[in-house]
Trainee: 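First, the structure itself, so that you have it in front of you.
What's counted below: heavy atoms across the whole structure, side chains too, no hydrogens, waters or symmetry copies.
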Amino acid sequence: MKTLPLFPASIVGSIPRPLVVRELIEKPEWDATDRIAMDAACRFVVALQERAGLDVVNDGEWRRRSYIGVIAELAHGFTLETNPADGRPWTVVTEKLTPKPPGFIAAEARFVKEVATVATKITLPAPALLGERLWDAGRSGKAYPTRDAFVRDCVAPLRAEIALLQGLGVEIVQIDDPHLCLFVDPDVRGRYDDPDRAADFAVDMINQTVAGFDGIKFAVHLCRRAGARVRGEKHHAGTYGPILPQLNRLKVQHLTMEFTAAGADDLESLSRLRPDFELGLGVVDVTPGEPQTAPMIAQRVERALSRIDKTRITLNPDCGFAPGSAAKVDTDEVYLKLKAEAEAARLLRKKYG
C-alpha cells in the first residue's frame with residue numbers, strides 16, 4: 001500500500017474511451033490479439049494519469065461497457081436491451097440473479113496494480129443505484145416484484161468481488177452512488193412517499209456491501225450527476241444538508257464529492273460531516289469546454305480549508321469524465337485538466353505543507 005502525500009490528486013472513475021476501446025468492449029468474444037490491445041490501451045490510460053501528475057489512478061473503466069452495467073459481469077440474470085425512453089443500450093434485470101465466477105473487477109485491479117507506480121483506485125456500483133437504473137416494473141417484475149428485493153440480491157456479487165480485491169493492495173475501493181446524492185433535490189424528494197426511508201435504504205445496502213472487510217479503504221462517490229453535464233442533461237440542485245444524517249451513517253472512510261456546482265460547495269453542510277471522513281472534493285469541473293487552471297482549482301480548495309482540516313482533503317474531478325460508454329469527450333482536454341489538478345495540489349503543498 002502506497003502512502004499518499006498531503007492534498008493527494010485523484011481520479012473519480014471514467015476517462016473518455018477512444019474508438020479502438022469502444023470497438024473492443026462491444027465485441028461479444030475476444031481473441032488473444034483483442035486482449036493484448038486492451039491491455040495496451042489500459043497501460044496508456046494509466047500512463048496518461050501518471051504523466052499528468054496524479055497520486056491516485058485507475059484504468060479509466062475502459063474494460064467496462066458501463067460503470068453500472070458491469071454488474072452483468074458478476075451475475076447472471078440480466079438482458080442487454082435498448083431503453084425505449086432514450087434509445088441507449090440498457091442492461092435490465094429479467095431473471096433471478098445467480099452468481100458468475102467472481103473476478104472481473106478484481107482482474108481490472110490486478111492489472112492496474114501491476115502497471116501503476118502510484119496509488120490505485122477501483123470502483124463498484126452501489127446496490128441501490130443498480131436498483132434505480134436496472135430494475136423495471138414491466139421487464140423485471142416476474143423475477144423481482146419489488147425494486148428493493150433486487151437491490152438486496154446485488155449485495156452478494158459485489159461482496160464476492162471485494163473479497164478478491166482485499167489481498168491485491170488497492171489503496172481505495174470506491175462505491176459509486178450518485179443516486180443517493182439526488183435526494184438533495186426537492187424535486188427528486190417529491191417523487192418518493194418517504195425520501196428519507198429511500199436514502200436510508202441506500203446507505204444500509206452500502207454498509208452491508210462493505211461490512212467485515214479489513215485492510216481496505218472504502219469510499220463512496222456522491223454527485224448530483226455532474227457528469228451528466230457532459231451529455232447536456234439536467235443538473236440537480238440543493239446542498240448536502242438533507243442527506244447529512246444518511247451520509248454520517250456510512251461505514252466508509254472517504255467521501256468523493258462534487259464541489260464545483262452551485263450548492264455542492266456548501267461549506268456549512270460539509271463542516272457537519274463526521275470529522276473522521278476524508279473528503280475527496282470535486283474541485284475540477286468536468287464540463288467539456290470549461291478550462292481549468294491550477295490557481296482556480298487551488299482557490300476552491302482554500303475555500304474548504306476555512307472549515308476542513310488540510311489532512312482530510314483529496315483533490316479530484318467532480319465526476320467521471322465520460323459518463324456512458326458512448327460519451328464523446330476530448331482526451332487531451334481531460335489530460336490538461338488533470339495536469340492542472342496535480343499542479344494545484346503541488347501549489348497547496350508548498351503553501352500549507
Side-chain angles (χ1 to χ4, degrees), residues 1-4 8-15 17 21 25 38-39 41-50 54-75 100-127 129-130 154-178 206 209-223 227 250-256 278 280 314 316-317 319-323 325 338:
M1 300 288 282
K2 293 183 170 62
T3 302
L4 294 176
S10 183
I11 191 76
V12 170
S14 62
I15 289 178
R17 300 168 176 87
V21 170
I25 62 176
M38 183 58 87
D39 285 352
C42 289
R43 280 191 175 89
F44 162 75
V45 77
V46 171
L48 179 151
Q49 294 167 77
E50 292 197 355
L54 295 190
D55 304 295
V56 182
V57 302
N58 70 352
D59 66 354
E61 300 177 353
W62 277 13
R63 299 181 192 268
R64 307 180 187 185
R65 280 191 175 90
S66 80
Y67 79 105
I68 299 168
V70 71
I71 188 66
E73 304 288 352
L74 312 183
K100 290 184 177 181
F104 182 87
I105 292 175
E108 294 177 344
R110 187 176 295 109
F111 184 86
V112 174
K113 286 300 295 184
E114 288 173 358
V115 302
T117 63
V118 297
T120 54
K121 171 190 283 190
I122 201 75
T123 62
L124 296 88
L129 175 67
L130 296 172
C154 290
V155 171
L158 294 171
R159 285 182 59 80
E161 212 65 29
I162 294 171
L164 296 179
L165 293 172
Q166 194 168 21
L168 295 179
V170 175
E171 279 72 17
I172 301 171
V173 173
Q174 177 178 289
I175 312 295
D176 291 324
D177 199 349
I206 292 173
T209 301
V210 305
F213 292 107
D214 298 324
I216 297 178
K217 179 185 288 186
F218 285 107
V220 167
H221 170 218
L222 303 160
C223 92
L250 284 166
K251 295 183 177 175
V252 301
Q253 296 80 40
H254 185 105
L255 298 179
T256 306
E278 296 177 357
T314 295
N316 48 254
C319 194
F321 280 101
S325 59
L338 294 178

Trainee: Would you kindly say whether Gln253 and Lys217 are connected by a side-chain donor-acceptor distance under 3.5 Å?
Mentor: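 On atom types as modelled, these side chains do not qualify, holding no pair under 3.5 Å.
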Trainee: If you take all heavy atoms of Glu50 and Thr117, which pair is closest and at what distance?
Mentor: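 Distance-wise, the nearest heavy atoms are OE2-N, 2.6 Å.
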Trainee: With heavy-atom distances below 4.5 Å as the criterion, would you say the side chains of Ile162 and Phe218 are in contact?
Mentor: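 A side-chain contact exists here, since the closest heavy-atom pair is under 4.5 Å.
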Trainee: Taking Val115 as the fixed residue, which of Asp39, Val57, Val46 is the one that meets the side-chain contact (heavy atoms from CB on, under 4.5 Å) rule?
Mentor: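 With Val115 as partner, side-chain contact (heavy atoms from CB on, under 4.5 Å) holds for just one option, Val46.
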Trainee: Closest heavy-atom contact between Thr256 and Ala219?
Mentor: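 Distance-wise, the nearest heavy atoms are OG1-CB, 4.1 Å.
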Trainee: Donor-acceptor check, side chain of Lys113 to backbone of Gly169, threshold 3.5 angstrom: yes or no?
Mentor: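 At least one qualifying donor-acceptor pair exists.
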Trainee: Does the side chain of Leu158 reach to within under 4.5 Å of the side chain of Leu74, using non-hydrogen atoms?
Mentor: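 In contact.
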Trainee: Do Pro157 and Glu161 have side chains that approach each other closer than 4.5 Å (heavy atoms only, starting at C-beta)?
Mentor: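 Result no, sub-4.5 Å side-chain heavy-atom pair not found.
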Trainee: Check for a donor-acceptor pair, side chain of Gln49 on one end and backbone N or O of Ile11 on the other, with a separation under 3.5 Å.
Mentor: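 No, Gln49 side chain to Ile11 backbone: no donor-acceptor pair under 3.5 Å.
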Trainee: Decide if atom NZ of Lys2 counts as having more than 12 heavy atoms of other residues, nucleotides or ligands within a radius under 6.0 Å.
Mentor: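 Yes - once you tally the heavy atoms of other residues, nucleotides and ligands closer than 6.0 Å, there are more than 12.
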Trainee: Could you report the tightest heavy-atom contact between Arg64 and Ile25, atom names first, then the distance?
Mentor: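 The answer is O-CD1, 3.6 Å.
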Trainee: Between the side chain of Thr314 and the main-chain N/O of Gly280, is any donor-acceptor distance below 3.5 Å?
Mentor: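 Checking the backbone N and O of Gly280 against the side chain of Thr314, no donor-acceptor pair under 3.5 Å is found.
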Trainee: Can you confirm whether Glu61 sits close enough to Asp176 that some side-chain heavy atom of one is under 4.5 Å from a side-chain heavy atom of the other?
Mentor: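 In short, these two side chains touch, coming nearer than 4.5 Å.
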Trainee: Between the side chain of Gln166 and the main-chain N/O of Gly215, is any donor-acceptor distance below 3.5 Å?
Mentor: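 Pair absent, no side-chain N/O of Gln166 close to backbone of Gly215.
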Trainee: Could you check Ser14 against Tyr67 for side-chain contact (heavy atoms from CB on, under 4.5 Å), going step by step and ending with a plain yes or no?
Mentor: CA-CA 8 Å; Ser14 62; Tyr67 79 105; over 6 Å; no
Trainee: Got a donor-acceptor contact below 3.5 angstrom from the Glu171 side chain to the Lys121 backbone?
Mentor: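 Absent.
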Trainee: Do side-chain atoms of Asn58 reach the backbone of Gly13 as a donor and acceptor pair under 3.5 angstrom?
Mentor: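 Yes; at least one donor-acceptor contact below 3.5 Å.
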